Amino acid sequence: MELLDFLKDYLQMADPRALVIGASAVGAGIAMITGIGPAIGQGYAAGKGTESVGINPKTGDSSRFVMILGGAVAETSGILSLVIALILLFANPLVGLRGMYNVMAASAVAAGIAMLTGIGAGIGQGYAAGQAVETIARRPKLQGQILRVMFLGQAIAQTTGIFALMVALILLFANPLLRL
Amino acid sequence: MNDSLIAGKALILAASAIGAGLAMIGGIGPGIGQGFAAGKGAEAVGRQPEAQGDIIRTMLLGAAVAETTGIYALIIALILLFANPLVGLLK
Amino acid sequence: MNDSLIAGKALILAASAIGAGLAMIGGIGPGIGQGFAAGKGAEAVGRQPEAQGDIIRTMLLGAAVAETTGIYALIIALILLFANPLVGLLK
Amino acid sequence: MNDSLIAGKALILAASAIGAGLAMIGGIGPGIGQGFAAGKGAEAVGRQPEAQGDIIRTMLLGAAVAETTGIYALIIALILLFANPLVGLLK
Amino acid sequence: MNDSLIAGKALILAASAIGAGLAMIGGIGPGIGQGFAAGKGAEAVGRQPEAQGDIIRTMLLGAAVAETTGIYALIIALILLFANPLVGLLK
Amino acid sequence: MNDSLIAGKALILAASAIGAGLAMIGGIGPGIGQGFAAGKGAEAVGRQPEAQGDIIRTMLLGAAVAETTGIYALIIALILLFANPLVGLLK
Amino acid sequence: MNDSLIAGKALILAASAIGAGLAMIGGIGPGIGQGFAAGKGAEAVGRQPEAQGDIIRTMLLGAAVAETTGIYALIIALILLFANPLVGLLK
Amino acid sequence: MNDSLIAGKALILAASAIGAGLAMIGGIGPGIGQGFAAGKGAEAVGRQPEAQGDIIRTMLLGAAVAETTGIYALIIALILLFANPLVGLLK
Amino acid sequence: MNDSLIAGKALILAASAIGAGLAMIGGIGPGIGQGFAAGKGAEAVGRQPEAQGDIIRTMLLGAAVAETTGIYALIIALILLFANPLVGLLK
Amino acid sequence: MNDSLIAGKALILAASAIGAGLAMIGGIGPGIGQGFAAGKGAEAVGRQPEAQGDIIRTMLLGAAVAETTGIYALIIALILLFANPLVGLLK
Ligand code: NA
Ligand code: NA
Ligand code: NA
Ligand code: NA
Ligand code: NA
Ligand code: NA
Ligand code: NA
Ligand code: NA
Ligand code: NA
Ligand code: NA
């Protein structure tokens with residue numbers, strides 16, 4: 001298929017570093033998809049916060065506070081993904097390296113893919129925030145106790161996101177595949 | 001500019017177009033989340049019309065929090081399109 | 001224009017077509033979210049028909065907020081198709 | 001037309017076909033959302049048949065809002081197929 | 001027809017097959033949404049059998065609205081397969 | 001048939017296999033939706049066994065509507081496999 | 001068989017393997033939907049053990065309907081693997 | 001075996017590895033669905049411990065139905081890995 | 001071993017690495033489902049602490065059933081990595 | 001080591017990087033599920049503060065079960081990165 005061969009020949013003509021840099025653009029784009037998670041979660045918390053203000057208008061300030069506090073935790077994986085995207089765009093540690101350029105390119109894309117894991121933590125933590133907001137509106141006296149359970153559960157929901165961050169950082173900064 | 005540089009830059013710019021498109025998929029989240037908040041807001045206003053001000057303020061505050069990752073995605077896409085830091089790395 | 005430049009531009013323009021298509025996937029979010037709001041709005045109007053004005057206003061306000069990332073995606077797609085800033089960077 | 005131009009145009013047109021297909025995935029959102037509205041509307045009509053007119057009007061209004069990103073996606077797909085602005089940029 | 005034109009047309013037609021397949025993924029939305037409506041409709045009919053007519057009419061009206069993006073996707077797929085406007089642009 | 005035509009046809013047929021597979025992903029929607037309807041139907045029958053006939057009829061009617069996009073996807077896949085209109089366009 | 005035909009057939013068969021794998025993703029839908037039905041069925045049986053027969057019959061009827069798109073996907077995958085109609089079109 | 005046949009077989013076997021991996025994604029469905037059933041079952045047992053036997057039987061029956069598409073996916077993956085019918089078609 | 005065989009084996013092994021990664025995506029399902037069960041279990045234990053034993057047993061039984069497709073995915077990934085049956089077929 | 005072997009190893013290592021990234025996507029499931037458990041746990045503690053110990057124990061037990069597929073994914077990714085069994089098979 002000479003057209004595909006033409007394309008292949010053309011790309012092989014390119015400076016091999018271009019493959020790594022181009023892959024970083026794709027990786028950064030993929031990482032931003034992670035924002036789905038925090039946004040769904042925070043939106044859930046927003047909905048529950050809104051409902052809670054209607055249920056118990058007297059504790060509106062507390063509802064809004066817990067909604068934002070719980071939502072802030074849910075933002076974590078969105079921030080981590082943004083950081084990985086910014087590293088890929090502005091402080092890419094792979095670009096200066098020499099050697100197996102296709103492994104570096106794959107690692108840049110893979111770092112972005114790994115960050116997608118944060119979708120889960122974002123949704124889950126936001127759900128927890130929403131339930132906490134509603135429950136606190138119904139039982140304001142138990143705010144401390146409820147928040148402790150929310151934070152505990154949110155911390156557990158973060159673990160796979162942390163694993164993914166570690167894998168992304170290894171791929172970018174301490175890539176064992178490039179040493180083989 | 002030699003052919004090798006042209007091909008390399010083309011590859012990076014093509015990948016940037018795809019990266020910008022991928023980033024916008026992140027907008028799924030704010031859309032779902034804020035829509036949920038909108039639905040709960042409409043429900044709450046129907047039940048306690050007298051608390052309408054507080055309800056809408058809370059809905060909008062929560063929706064603002066849910067917008068952030070959509071903004072991050074937009075910024076990354078705009079950087080890829082209009083202030084591409086990558087294409088300059090290839091000299 | 002030499003062959004290498006033609007091939008490079010073609011690569012960027014092809015990637016832009018795919019990027020535009022990918023961006024539209026972002027529209028999943030507002031569609032789900034606003035539909036949820038529509039459902040909750042209809043439910044609330046059924047329960048408190050006398051608060052219909054307030055309910056619908058809140059639903060539409062929330063839905064407008066939920067639309068933003070869909071608009072961002074549309075803008076990125078339109079830029080890729082009609083005001084492509086990338087292809088001009090290949091000189 | 002030389003071979004390199006043919007190859008370039010073919011690449012852009014092929015990517016446009018894929019872009020059009022990808023864009024249609026965006027239709028998932030309105031489908032889910034409006035279906036939710038349909039379900040809630042049916043439930044509400046069952047509970048308050050006397051408010052049927054108001055319920056259905058609210059459901060349809062909300063569903064119209066939820067349709068927009070599906071329409072955006074359709075427009076981008078139709079542009080890619082019938083008024084492709086990218087292939088003309090390759091000269 | 002020379003080899004380069006054959007290769008170009010083949011690429012466009014191949015991408016059209018994939019585009020048609022991708023478009024059908026959009027059918028996820030109406031499937032979920034209308035299924036939700038079906039479930040809510042069945043529930044409502046169980047509760048108010050006397051309002052069965054109104055409930056089913058509302059469910060079907062809402063489901064018809066939820067079908068549209070599935071139809072858009074089908075049309076784009078059929079255009080790609082049976083009235084492909086892209087392959088003719090390669091001359 | 002010359003080599004270039006063979007390569008072109010092979011590419012289209014390969015893409016058709018992938019397109020057929022992608023189309024089947026659309027079946028996620030009816031599967032989720034109809035399963036929801038099944039669950040709600042079972043719940044409703046448990047609550048009002050005397051309305052069983054009406055509940056099941058409504059559930060099946062709604063599920064039939066939810067099946068359509070799954071059928072569209074199946075038809076597109078079968079066309080790609082058994083009545084491929086694309087491969088004939090390569091002459 | 002010449003090299004070009006071998007390469008072409010190999011491409012189609014390789015794509016068929018991927019198409020078969022993609023098709024199985026469609027099984028997500030029935031899995032979620034029927035699991036929902038199972039949960040609702042178990043809940044309903046807990047509440048009205050005396051209606052157990054009716055509940056389980058409705059659950060299984062609804063689940064059978066929800067299985068169809070999973071079966072379509074399986075059939076497409078089996079056709080791609082065991083009765084591949086595409087590879088024979090390359091002559 | 002000549003080089004062209006080796007390359008062709010390698011492509012098919014490589015695609016089979018990816019196809020097997022893709023198929024396993026289908027397992028998402030039963031996992032979510034059965035987990036839902038588990039949760040509803042636990043809830044129901046908490047409410048009516050005396051109906052525990054009936055609840056668990058219904059939950060397991062429904063979960064068995066929800067497993068099928070996961071089994072289909074596993075079978076397709078095992079066929080691709082251990083009884084690959086495609087590689088033999090390349091002669 | 002000649003170059004063509006090396007290239008072929010490398011392609012299969014590379015695809016196996018990707019296949020193993022894809023398979024693990026299937027783990028999304030059990031994770032969501034079992035988490036749902038955990039939440040419902042905790043809720044039920046809060047309501048009926050005296051039925052704690054029965055609730056947790058049901059939750060764990062249901063969660064074990066929901067784990068299976070995750071195990072299938074793990075097994076396929078381990079086979080691809082440690083007992084790859086495909087690479088031996090290339091002779 | 002000759003060129004063909006070097007190229008082959010690089011391909012396997014590149015694919016391993018992608019495989020490791022893909023595997024981690026499986027972690028989405030535990031994140032959603034455990035977050036659901038956290039929310040239900042917080043809700044349950046708010047309703048029955050006196051049962052806090054039992055509720056949290058059940059939540060943690062369920063969350064531990066929901067973590068497993070995330071751990072499987074991590075292990076597969078770590079094997080691909082640090083103890084890659086595939087690259088050694090290329091001799
Ligand atoms: Na976790
Ligand atoms: Na946010
Ligand atoms: Na928004
Ligand atoms: Na909209
Ligand atoms: Na629609
Ligand atoms: Na339909
Ligand atoms: Na079905
Ligand atoms: Na099934
Ligand atoms: Na299972
Ligand atoms: Na698990």
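So that the names make sense, note that chain A is the first sequence line, chain B the second, and so on, each numbered from 1. This is a predicted model, so every value here is computed, not measured.
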Given a strict heavy-atom distance threshold of 4.5 Å, which part of F/Leu60 is in contact with chain E: side chain, backbone, both, or neither? neither

Per-residue contact mode, F/Leu80 against chain E (heavy atom under 4.5 angstrom): side chain

Where is the tightest heavy-atom contact between F/Met24 and F/Ala77, given as atom of each residue plus distance? SD-CB, 3.8 Å

Check each atom of F/Ala63 against the heavy atoms of chain E and say whether the ones under 4.5 Å are side chain, backbone, both or neither. backbone

Which atom names give the shortest non-hydrogen contact between E/Ile55 and E/Gly41, and what distance separates them? CG2-O, 3.8 Å

Is there side-chain contact between E/Asp3 and F/Asn2, with at least one heavy-atom pair below 4.5 Å? yes

F/Arg57 CZ to F/Gln52 CD distance, which is reported to the nearest 0.5 Å: 10.5 Å

Can you find a heavy atom in the side chain of E/Val45 that is under 4.5 Å from one in the side chain of F/Met59? no

Interatomic distance, F/Leu11 atom CG to F/Leu86 atom CG [nearest 0.5 angstrom]: 11.5 Å

Evaluate side chain to side chain contact (heavy atoms under 4.5 Å, CB included) for F/Thr69 paired with E/Glu67, printing each intermediate quantity in order. CA-CA 8 Å; F/Thr69 51; E/Glu67 185 79 3; 4.2 Å; yes

Where on E/Glu43 is there a heavy atom nearer than 4.5 Å to chain F: the side chain, the backbone, both, or neither? both

Among F/Ile28, F/Thr68, F/Ile76, who wins on heavy-atom pairs under 4.5 Å with chain E? F/Ile76

Most chain E-contacting option - heavy-atom pairs closer than 4.5 Å, from F/Ala73, F/Ala15, F/Gly62: F/Ala15

Heavy-atom side-chain contact between F/Leu5 and E/Ile6 under 4.5 Å: yes

Check the pair F/Leu90 / F/Lys9 against side chain to side chain contact (heavy atoms under 4.5 Å, CB included), numbers first and verdict last. CA-CA 7 Å; F/Leu90 195 72; F/Lys9 286 201 168 187; 4.1 Å; yes

Rounded to the nearest 0.5 Å, the CD atom of E/Gln48 sits from the CG atom of F/Asp54 at a distance of 12.5 Å

Interface residues of residues 29-36 of chain F facing chain E - non-hydrogen atoms under 4.5 Å apart: F/Gly29, F/Pro30, F/Ile32, F/Gly33, F/Gln34, F/Phe36

Answer with side chain, backbone, both or neither: which region of F/Ala44 has an atom nearer than 4.5 Å to a non-hydrogen atom of chain E? side chain

Contact part of E/Ile56 toward chain F, heavy-atom cut-off under 4.5 Å: side chain, backbone, both or neither? side chain

